[in-house]
Amino acid sequence: MLRKIDSKNMGSSNLGWLRSKFHFSFAEYYNPDNMNFGVLRVINDDLVEAHTGFSKHPHQNMEIISYVVNGQLTHGDSMGNNNTITRGHVQYMSAGTGVFHSEFNHGNETLRFLQIWILPDKIGHTPNYGDYLFNFDDRHNQWLHIVSSVEGNAPIKINQDANIYSLELDQGKEIEFPVKDGRQAYLVQIEGNTTINSIELEARDALEIIEEKIYIKADDASHILIVEMMKQ
């Protein structure tokens with residue numbers, strides 16, 4: 001089963017310094033029929049103006065992944081971590097029993113990043129933070145496995161049976177992604193345009209996939225992210 005989510009129908013917010021597309025209910029956007037997709041609770045496609053950001057605030061019992069598309073993202077938290085990541089890099093935080101953190105754009109250009117929240121396998125994990133500076137070329141015309149469960153083999157491990165992959169696909173290139181029985185996946189068309197099993201996606205659109213193999217053709221240079229998980 002495939003279902004396209006047009007970006008024009010997503011929730012949105014414009015606070016001046018922050019412009020967001022909400023894939024699921026978040027902040028002032030509330031739709032009881034669009035709360036999550038399996039254990040995937042939040043994907044916010046955020047644009048943060050230069051020299052602004054999210055001041056320190058609390059989180060609890062959530063696996064949080066930030067994927068930078070453009071610009072630079074600086075993280076600070078109550079565990080003493082402080083680091084900056086840029087395009088294609090990823091940071092993750094298991095909020096667990098509770099943590100305070102901030103996210104700022106100290107750069108001179110607009111920051112775009114995907115803020116991804118995944119429900120943990122249980123409550124009460126010890127808080128944890130990390131980041132990974134992936135080589136952008138490692139996702140060129142191939143899937144780059146960036147996040148897995150703690151039993152998986154991706155560099156970033158979270159407390160849930162979920163995987164995240166990224167891809168940069170040249171115009172005219174084709175690639176497939178199997179979503180096996182008992183599994184589902186959520187695809188974000190970050191940049192570019194593709195045709196997936198005859199469904200056309202433009203930048204910032206998304207696609208729900210349940211137990212079906214997809215065939216992706218890049219209509220122009222494309223940048224894609226997939227969150228794959230157990231079917232619920």
Side-chain angles (χ1 to χ4, degrees), residues 1-5 10-11 21-26 29-45 59-67 90-97 99 113-132 134 138-139 142-167 175-190 194 196-197 199 201 205-216 223-232:
M1 191 282 289
L2 303 178
R3 185 171 80 96
K4 176 182 175 179
I5 297 93
M10 293 177 184
K21 286 283 187 181
F22 302 135
H23 287 247
F24 306 101
S25 292
F26 192 88
Y29 166 62
Y30 176 72
N31 179 349
D33 297 322
N34 187 31
M35 297 301 297
N36 61 289
F37 181 70
V39 296
L40 179 59
R41 173 61 188 88
V42 167
I43 295 185
N44 293 347
D45 191 336
H59 284 288
Q60 193 171 19
N61 294 315
M62 194 66 69
E63 305 293 294
I64 300 172
I65 298 103
S66 298
Y67 182 96
V90 180
Q91 70 176 26
Y92 61 99
M93 185 176 73
S94 179
T97 54
V99 65
F113 77 106
L114 300 181
Q115 180 183 169
I116 302 164
W117 294 11
I118 294 174
L119 298 167
D121 54 9
K122 66 177 185 179
I123 64 172
H125 283 290
T126 300
N128 184 35
Y129 168 83
D131 46 58
Y132 203 90
F134 291 95
D138 289 344
R139 75 205 79 194
Q142 62 183 352
W143 293 109
L144 174 62
H145 193 186
I146 60 177
V147 173
S148 71
S149 69
V150 293
E151 293 84 16
N153 56 12
I156 296 171
K157 302 182 191 301
I158 62 172
N159 298 303
Q160 184 52 268
D161 178 10
N163 298 279
I164 300 179
Y165 301 85
S166 63
L167 167 72
I175 197 168
E176 62 186 49
F177 187 92
V179 179
K180 299 177 181 179
D181 290 347
R183 309 292 291 182
Q184 62 188 42
Y186 193 86
L187 180 149
V188 180
Q189 182 77 35
I190 301 173
T194 59
I196 302 177
N197 294 25
I199 298 173
L201 294 186
D205 289 345
L207 186 70
E208 293 179 355
I209 310 148
I210 299 176
E211 297 179 326
E212 186 169 343
K213 180 183 284 189
I214 58 171
Y215 300 88
I216 303 170
H223 185 187
I224 290 168
L225 182 137
I226 285 183
V227 183
E228 187 270 350
M229 69 206 86
M230 182 171 58
K231 180 184 175 185
Q232 291 191 342

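Scope of the values below: all heavy atoms of this structure, side chains included, with no hydrogens, waters or symmetry mates.
Residues F26 and W117 place their aromatic rings such that the two centres sit under 6.0 Å apart. Taking the ring centroids of H23 and Y186, they lie under the 6.0 Å cut-off.
Residue I190 holds its CD1 atom at 5.0 Å from CG of L225, rounded to the nearest 0.5 Å. The line from CG of L201 to CD1 of I196 is 4.5 Å long, rounded to the nearest 0.5 Å. To the nearest 0.5 Å, atom CD of residue Q91 and atom CD1 of residue I156 are 9.5 Å apart. With rounding to the nearest 0.5 angstrom, the CE atom of M93 is 13.0 Å from the CD1 atom of I158. Interatomic distance, CE of M10 versus CG of D45, reported as 8.0 Å (0.5 Å rounding). Here the straight-line distance linking atom CD1 of I65 with atom CD1 of I43 works out to 9.5 Å at 0.5 Å rounding.
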Donor-acceptor pairs under 3.5 angstrom involving side-chain atoms of residues 121-130: please list them, not counting sequence neighbours.
unit_1 : atom_1 : unit_2 : atom_2 : d
D121   : OD1    : H125   : NE2    : 2.7
Y129   : OH     : D131   : OD2    : 2.7

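Side-chain atoms of E212 and V179, non-hydrogen and from C-beta on, never get closer than 4.5 Å to each other. The shortest side-chain heavy-atom distance between I209 and F177 does not fall under the 4.5 Å cut-off. In this structure, V39 and M230 have side chains that are not in contact, with every pair of non-hydrogen atoms separated by 4.5 Å or more. Inter-residue side-chain proximity for I224 and W143 is flagged as met; some heavy-atom pair is nearer than 4.5 Å. Taking 4.5 Å as the limit, some side-chain heavy atom of I226 sits within range of a side-chain heavy atom of I214. In this structure the side chain of N44 never reaches within 4.5 angstrom of the side chain of Y29, judged on heavy atoms. Between F37 and I210 the shortest side-chain heavy-atom distance falls below 4.5 Å.
Sparse packing is recorded around OH of Y132, with 12 or fewer heavy atoms of other residues, nucleotides or ligands lying under 6.0 Å away.
Screening residues 153-164 for salt bridge (charged side-chain N to carboxylate O under 4.0 Å, His left out) gives D161-R183 as the qualifying pairs, with residues at least two apart or on separate chains.
The backbone N or O of P120 lies less than 3.5 Å from no partner atom in the side chain of E63, so there is not a single donor-acceptor pair. E176 places no side-chain N or O within donor-acceptor distance of the main-chain N or O of Y215, the cut-off being under 3.5 Å. A donor-acceptor contact shorter than 3.5 Å links the side chain of R41 to the backbone of M35. Judged purely by atom type and a 3.5 angstrom limit, H59 has no side-chain atom pairing as donor or acceptor with the backbone of N61. Between the E208 side chain and the L2 main chain, no donor and acceptor come within less than 3.5 Å of each other. Although no hydrogens or angles enter the test, the distance criterion places a donor-acceptor pair under 3.5 Å between the side chain of Q160 and the main chain of L119.
The side-chain contact (heavy atoms from CB on, under 4.5 Å) search around E211 returns D181, K231, not counting sequence neighbours.
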Audit row: Y92, V147, side-chain contact (heavy atoms from CB on, under 4.5 Å) steps and yes/no: CA-CA 9 Å; Y92 61 99; V147 173; over 6 Å; no

Does L207 form a side-chain contact (heavy atoms from CB on, under 4.5 Å) with N197? I'd like the steps, not just the answer. CA-CA 11 Å; L207 186 70; N197 294 25; over 6 Å; no

